[in-house]
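We're numbering straight along the sequence, starting at 1. Not measured: the values here are computed from a predicted model.
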Amino acid sequence: MTEFERDEIEKLPYKYRPMSAWGYFGYSLLFLIPVVGFIFLLVFSFSDVNINRRCFARSYFCAVIVLCVALAIFIGFGILLAVCQ
């Protein structure tokens with residue numbers, strides 16, 4: 001990153017500053033914690049402090065919903081197959 005790019009990022013309000021790769025990694029680890037992570041996920045999904053963090057939290061939340069639906073479908077098919085035998 002050039003000095004000019006650093007200066008331009010520093011001029012941005014905190015709300016619009018980009019997150020680093022380590023930030024994304026750290027938030028991913030935070031969201032993996034069972035109860036506390038889910039609470040932080042919900043808080044960051046509705047927070048207006050940093051737009052990039054909010055969008056990342058929303059995308060992570062969508063992935064969690066998709067995985068839960070897929071798991072429910074697989075469990076449902078497993079129960080259905082067990083009952084039909």
*Taking all heavy atoms of Ser47 and all of Arg53, pick out the closest pair and write down the distance.*
OG-NH2, 3.5 Å
*asked:* Side-chain heavy atoms nearer than 4.5 Å, only ILVMFWY residues, links allowed to pass through others: does that put Leu32 and Val35 together?
replied: yes
*N/O donor-acceptor pair under 3.5 Å between Ser45 side chain and Leu41 backbone*: yes
*Supply the atom-to-atom distance Ile79 CD1 to Phe74 CZ, rounded to the nearest 0.5 angstrom.*
14.0 Å
*Find out whether Phe44 and Phe61 are in side-chain contact, i.e. whether some heavy atom of one side chain is under 4.5 Å from a heavy atom of the other.*
no
With a 3.5 Å cut-off and sequence neighbours excluded, list the donor-acceptor pairs that the side chains of residues 19-28 form with protein atoms.
residue, atom, partner, partner atom, Å
Ser20, OG, Trp22, N, 3.4
Ser20, OG, Gly23, N, 3.1
Ser28, OG, Tyr24, O, 2.9

*asked:* Count I, L, V, M, F, W, Y as connected when their side-chain heavy atoms are under 4.5 Å apart, and connections chain through other members. Are Val36 and Ile39 then in the same cluster?
replied: yes
*Kindly indicate whether the side chain of Val66, heavy atoms from C-beta on, has any atom under 4.5 Å from the side chain of Cys62.*
no
*Determine, using the 4.5 Å side-chain heavy-atom cutoff (strictly less than), whether Val69 and Leu80 are members of one ILVMFWY cluster.*
yes
*asked:* Let me check something: do Phe56 and Val49 share a hydrophobic cluster, defined by ILVMFWY side-chain heavy atoms less than 4.5 Å apart, either directly or through other members?
replied: no
*Following the transitive rule for hydrophobic clusters with a side-chain heavy-atom cut-off under 4.5 Å over Ile, Leu, Val, Met, Phe, Trp and Tyr, establish whether Val64 and Leu29 coincide in one cluster.*
yes
*Taking ring-ring contact (aromatic ring centres under 6.0 Å, His included) as the test, write out the residues that go with Phe38, two or more places apart.*
none
*Working for side-chain contact (heavy atoms from CB on, under 4.5 Å), residues Ile65 and Tyr60*: CA-CA 9 Å; Ile65 290 173; Tyr60 202 94; over 6 Å; no
Please set out all donor-acceptor pairs under 3.5 angstrom arising from side-chain atoms of residues 9-16, sequence neighbours excluded.
residue, atom, partner, partner atom, Å
Lys11, NZ, Glu8, OE2, 3.4
Lys15, NZ, Asp48, OD2, 3.4

